Enquirer: 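Just dropping this structure here.
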Amino acid sequence: IKRNSTKMKTLFAIIFGLFIITASNAKVYERCELALELYNEHSYGRQYLGDWVCMAYYESGLATFVKNPNSYGGNDYGIFQISDHEWCRSPENPDVAECTYDCTSLLDEDINNDAACAVSVQARYGFFAWSGWVNNCQGTNTENWVADCGI
């Protein structure tokens, strides 16, 4: 029994360490912080900035580490909930990668690849690709999401 106890402690330490590493590489954005980053660092146009922030809020709560099951039987990843059905590579869909990214790379605090891929999704399907936007942002004044952000 003592040997199993030692193994359990070791396993717990490994799992806890991975949790700390994952949590330290994740981020939850503030509304204006995301708007400013998308505008200044990723050249998102001002006209649809409120739509992007509103959509990200309802898709992920502005968190970079979110992974959720999607209606295609796969998962959505990151702050913009990019689908492994078409856009990123996952163990469930290893040959899919319109954006050429591994889906797990969308779960860290660096949103460079998330932002680039989201633009591709939006260019093909508009904001209609995201149910969070369709159900919560479409037809509303999304400018309210960024009006006080100084952009």
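Predicted, not measured: the structure shown is a model, and the values here were computed from it.
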Enquirer: Between Lys27 and Glu33, does any NZ, NE, NH1 or NH2 come within less than 4.0 Å of an OD or OE carboxylate oxygen?
Expert: yes

Enquirer: For a 4.5 angstrom cut-off between non-hydrogen side-chain atoms, does Tyr101 reach Asp114?
Expert: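 Heavy-atom side-chain distance check fails, nothing below 4.5 Å.
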
Enquirer: Counting N and O atoms only, with roles assigned by atom type, does the side chain of Gln81 sit under 3.5 Å from a partner on the main chain of Gly78, one being a donor and the other an acceptor?
Expert: yes

Enquirer: Which heavy-atom pair separates Cys149 from Leu36 by the least distance, and what is that distance?
Expert: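 Result for this residue pair: O-CD2, 3.8 Å.
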
Enquirer: Report the C-alpha separation of Ile111 and Glu41 in whole Å, then their side-chain angles, then the decisive distance to 0.1 Å, and conclude whether the side chain to side chain contact (heavy atoms under 4.5 Å, CB included) test is met.
Expert: CA-CA 10 Å; Ile111 66 165; Glu41 297 179 34; over 6 Å; no

Enquirer: Given 3.5 Å as the limit, does a donor-acceptor pair link the side chain of Thr64 with the main chain of Asp108, or not?
Expert: yes

Enquirer: Please check if the side chain of Asp84 supplies one atom and the backbone of Arg89 the other of a donor-acceptor pair under 3.5 Å.
Expert: no

Enquirer: Would you say Asn113 and Ile82 make side-chain contact, with heavy atoms under 4.5 Å?
Expert: no

Enquirer: Could you tell me how the ring of Phe127 sits relative to the ring of Trp130: parallel (under 30°), tilted (30 to 60°) or perpendicular (over 60°)?
Expert: tilted

Enquirer: Strictly under 2.5 Å separating the two SG atoms? Check that for Cys99 and Cys88, please.
Expert: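 No, because the SG atoms of Cys99 and Cys88 are not under 2.5 Å apart, which misses the disulfide cut-off.
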
Enquirer: What heavy-atom pair brings Ala56 and Leu34 nearest, and what distance separates the two atoms?
Expert: CB-CD2, 3.9 Å

Enquirer: Between Ala63 and Val66, which heavy-atom pair has the shortest distance, and what is it?
Expert: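 Closest approach of Ala63 to Val66, heavy atoms only: CB-CG2, 3.6 Å.
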
Enquirer: Atom OG in Ser60, atom CG in Asp76: separation rounded to 0.5 Å?
Expert: 10.5 Å

Enquirer: Quick one, Arg46 and Tyr39 - any side-chain contact, counting heavy atoms below 4.5 Å?
Expert: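 In short, these two side chains touch, coming nearer than 4.5 Å.
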
Enquirer: Is any side-chain heavy atom of Glu30 closer than 4.5 Å to one of Leu62?
Expert: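 Result no, sub-4.5 Å side-chain heavy-atom pair not found.
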
Enquirer: Evaluate the criterion side chain to side chain contact (heavy atoms under 4.5 Å, CB included) for residue pair Phe80 and Glu59; output intermediate values, then yes/no.
Expert: CA-CA 6 Å; Phe80 298 119; Glu59 288 290 328; over 6 Å; no

Enquirer: Using the rule given for side chain to side chain contact (heavy atoms under 4.5 Å, CB included), can you reason through Glu86 versus Tyr72, listing the C-alpha separation, both sets of side-chain angles and the distance that settles it, and then say yes or no?
Expert: CA-CA 10 Å; Glu86 185 174 359; Tyr72 302 111; over 6 Å; no

Enquirer: Looking only at heavy atoms, what is the nearest atom pair of Gly61 and Val28, with distance?
Expert: O-CG1, 3.8 Å

Enquirer: How far does CD1 of Ile79 sit from CG of Leu38, to the nearest 0.5 angstrom?
Expert: 7.5 Å

Enquirer: Any non-hydrogen side-chain atom of Glu92 less than 4.5 Å from a side-chain atom of His85?
Expert: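 No, side chains not in contact.
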
Enquirer: Measuring only between side-chain heavy atoms, which start at C-beta, is Ser120 closer than 4.5 Å to Trp87?
Expert: yes

Enquirer: Show me the donor-acceptor pairs, under 3.5 Å and distance only, between side chains in residues 48-55 and residues at least two apart or in other chains.
Expert:
{"unit_1": "Asp51", "atom_1": "OD1", "unit_2": "Trp133", "atom_2": "NE1", "d": "2.8"}
{"unit_1": "Asp51", "atom_1": "OD1", "unit_2": "Thr142", "atom_2": "OG1", "d": "3.4"}
{"unit_1": "Asp51", "atom_1": "OD2", "unit_2": "Thr142", "atom_2": "OG1", "d": "3.4"}

Enquirer: Examine distances only and state if a side-chain atom of Thr140 and a backbone atom of Cys137 form a donor-acceptor pair shorter than 3.5 Å.
Expert: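 The answer is yes, because a donor-acceptor pair under 3.5 Å joins these two groups.
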
Enquirer: Rounded at 0.5 Å granularity, tell me how far SG in Cys103 sits from CG in Asn75.
Expert: 8.0 Å

Enquirer: Tell me if the OH atom of Tyr57 is crowded by more than 12 foreign heavy atoms within 6.0 Å.
Expert: no

Enquirer: Do you know which two heavy atoms are closest between Gln138 and Phe128, and how far apart they sit?
Expert: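 Taking Gln138 first and Phe128 second, the nearest heavy atoms are NE2-CE2, 3.3 Å.
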
Enquirer: In sequence, state the C-alpha distance, the side-chain angles, and the governing distance for Asn135 and Tyr58, and then conclude on side chain to side chain contact (heavy atoms under 4.5 Å, CB included).
Expert: CA-CA 9 Å; Asn135 296 328; Tyr58 285 106; over 6 Å; no

